[in-house]
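Contents: one structure, followed by commentary.
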Amino acid sequence: MDTSTEAVPTPVPEPEWRGRSEPFQVGDPGRAASLVVPIPDPDGWDRRDTVLDGVALMDGAKKPIAEVRAASVRGLSHRAYGTVRQDEYSFRRTTDGRYLVIGVADGVSAGKLSHKAAIVAARKGAELIAKALTAPNDLTPDNFPWPDLVHAVAGRIERLGRERLAAMGNADAQTMSVRDVAAHIASTVLYAVVDLTPVGGAHVVHLLAVGDTSAWVLREGGRWEPQNAVKNDGAELHSSSVHALPLPPVTDPKPVRTTVAAGEALVLMTDGIGDPLGHGTGAVGRFLADVWAKPPASGLEFAAHIGFARKSFDDDRTAVAFWPVPRA
Amino acid sequence: MESEKAKLLPFYLVIDVSASMTGDKLKQANAIMPAVVDALSDAPILSDKVRFGVIDFGTDALVRLPLCDLLDENVTLPALNVRGATSYAAAFRLLRDEIESNVKQLKADGFQVHRPAVFFISDGEPTDRDGDWRDAFRDLTENFPTYPNVVPCGVDAANPKTLASLIYPASGPKAMQMYLMQDGQNPADAIAMIAEILISSMLASGQSMAQGSSGLILPAKQDLPNGISAHSSDDFV
């Protein structure tokens with residue numbers, strides 16, 4: 001036999017790349033998860049579909065105090081109908097390094113400009129809080145004038161709304177009622193101030209919510225502890241009325257104080273996650289408790305977690321999470 | 001405790017199959033269901049959260065399509081046939097029973113249920129005694145915690161005043177509307193147009209639910225098909 005033409009088996013080369021990205025599903029993903037074709041919003045080319053962050057906060061000795069993950073993901077419905085993501089988040093540390101301030105906002109969907117309200121509420125609100133808390137100011141989270149802050153943020157949203165409406169040719173923009181402005185531009189918001197100097201291993205957290213954006217502490221053992229009332233508890237039929245700025249809250253919102261220690265996580269989230277999380281005792285609660293028992297490796301991974309598919313839950317999803325790092 | 005419940009909007013079509021519906025009108029009535037199936041097939045966001053059911057009524061009322069996921073492969077669409085008189089009372093009583101048991105079942109199955117929506121299509125006057133159907137309607141609406149949003153739709157010989165009294169809620173921020181065939185319109189075509197309104201309402205409602213709002217949305221007046229007019233309860237007193 002002439003062996004000269006027989007192919008010499010070449011060794012299979014080691015693959016030069018690895019890795020994969022696959023959507024998370026919790027229970028029945030529904031039809032929308034696989035069938036929705038995301039389309040852009042022609043009025044919002046610069047509004048990103050997904051934004052995310054993953055950072056560590058360091059102490060003076062360059063040792064990590066905490067890990068922060070954040071992401072805001074456009075919901076399947078906004079992708080399907082070609083409208084922008086209406087959620088927004090922000091976080092910033094006071095320049096003296098003492099506090100981390102987080103803002104999470106959810107634009108009210110009926111308002112075409114509501115994503116702009118969410119941007120103001122999340123970013124400007126956090127900025128105002130951080131500035132006010134920076135030493136040597138006398139303000140601390142314990143004596144913080146929350147009603148003034150809420151009023152200031154509401155005023156900024158209202159002004160922006162009037163400006164935008166006027167620019168869009170609405171002749172009544174400057175004289176219409178706040179309620180009419182709010183029909184076009186409104187947002188819920190949740191702020192957290194985390195004291196980065198732990199006391200007895202735990203960080204004190206002050207929370208203030210206007211509307212149904214919710215704060216949770218993921219305690220050890222995967223138990224979700226809500227820091228405000230769970231929506232629609234005990235309601236006969238599902239309803240979704242919300243309080244949103246620039247409309248002033250009926251009563252001054254009351255800050256909530258809690259603590260978060262190493263082994264736990266503080267999570268602020270819009271109702272796009274809060275609704276499927278429910279009381280945190282179902283499949284979504286178990287899923288998020290599993291994947292967030294430790295900080296995910298990256299903001300990208302965190303964004304994939306909050307973008308999980310579950311039938312009928314297609315709202316925008318936004319979360320900011322804070323994991324204290326165990327101190328030696 | 002079960003949490004994180006999926007949200008559902010139950011949508012009912014309640015349709016008159018009295019003797020006067022014979023012919024093209026019945027043909028168009030039968031075309032509504034496949035049209036809804038087509039619309040849902042193209043709208044995955046919506047089809048994940050709408051349940052659809054059909055009740056017809058003549059001398060009596062019957063559940064022709066139990067509330068279901070229309071895209072479920074096990075669903076068979078019924079063929080509607082005409083039968084006798086026009087008992088609004090029978091339709092309202094059966095609808096109340098259905099909504100009560102459907103909502104109960106959906107909640108037991110772990111869903112959050114939005115207020116049901118009802119499109120009520122008739123081409124004639126009720127043949128019940130006035131007090132009978134009005135009592136049955138009150139039991140379906142005022143005396144019922146899970147009352148539906150009712151959108152009456154009239155074609156042909158339907159009496160606008162009678163139908164206007166079926167708009168529910170008739171006032172307030174979530175007031176419903178009534179749709180009427182305009183004079184000179186072909187009644188069969190009008191039924192097809194009402195089907196369009198029903199579908200666009202389902203689509204808009206699904207979109208609004210997706211954005212966190214509650215329940216039923218009706219199309220804007222300028223988006224209505226030519227030949228159909230929209231009315232609030234104030235328009236006919």
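In what follows, chains carry the letters A, B, and so on, assigned in the order in which the sequence lines appear, proteins first and then strands, with residues in each chain numbered from 1.
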ask   = Taking atom CG of A:Asp290 as the centre, does the number of heavy atoms from other residues, nucleotides or ligands within less than 6.0 Å exceed 12?
value =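 Enclosed: over 12 neighbouring heavy atoms sit under 6.0 Å from CG of A:Asp290.
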task = Tell me, yes or no, whether the heavy-atom count around A:Arg47 atom CZ, taken from other residues, nucleotides or ligands under 6.0 Å, exceeds 12.
result =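 Above 12, so yes.
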inquiry  = To check you understand the geometry: which heavy-atom pair defines the closest contact between B:Lys7 and A:Ser312, and what is its length?
reply    =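 The answer is N-OG, 3.0 Å.
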query = In terms of heavy-atom pairs under 4.5 Å, which option from A:Ala80, A:Gly30, A:Gly274, A:Ser34 contacts chain B the most?
reply =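 The answer is A:Gly30.
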task = Can you measure from CG (A:Asp314) to NZ (B:Lys49) and round to the nearest 0.5 angstrom?
result =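 Here the interatomic distance stands at 3.5 Å.
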Exam field: side chain B:Asp48 to backbone A:Lys311, donor-acceptor pair closer than 3.5 Å =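 Not a single qualifying donor-acceptor pair exists.
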Interchain contact, B:Asp42 with chain A, by part (heavy-atom threshold 4.5 Å) =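 B:Asp42 has no heavy atom closer than 4.5 Å to chain A.
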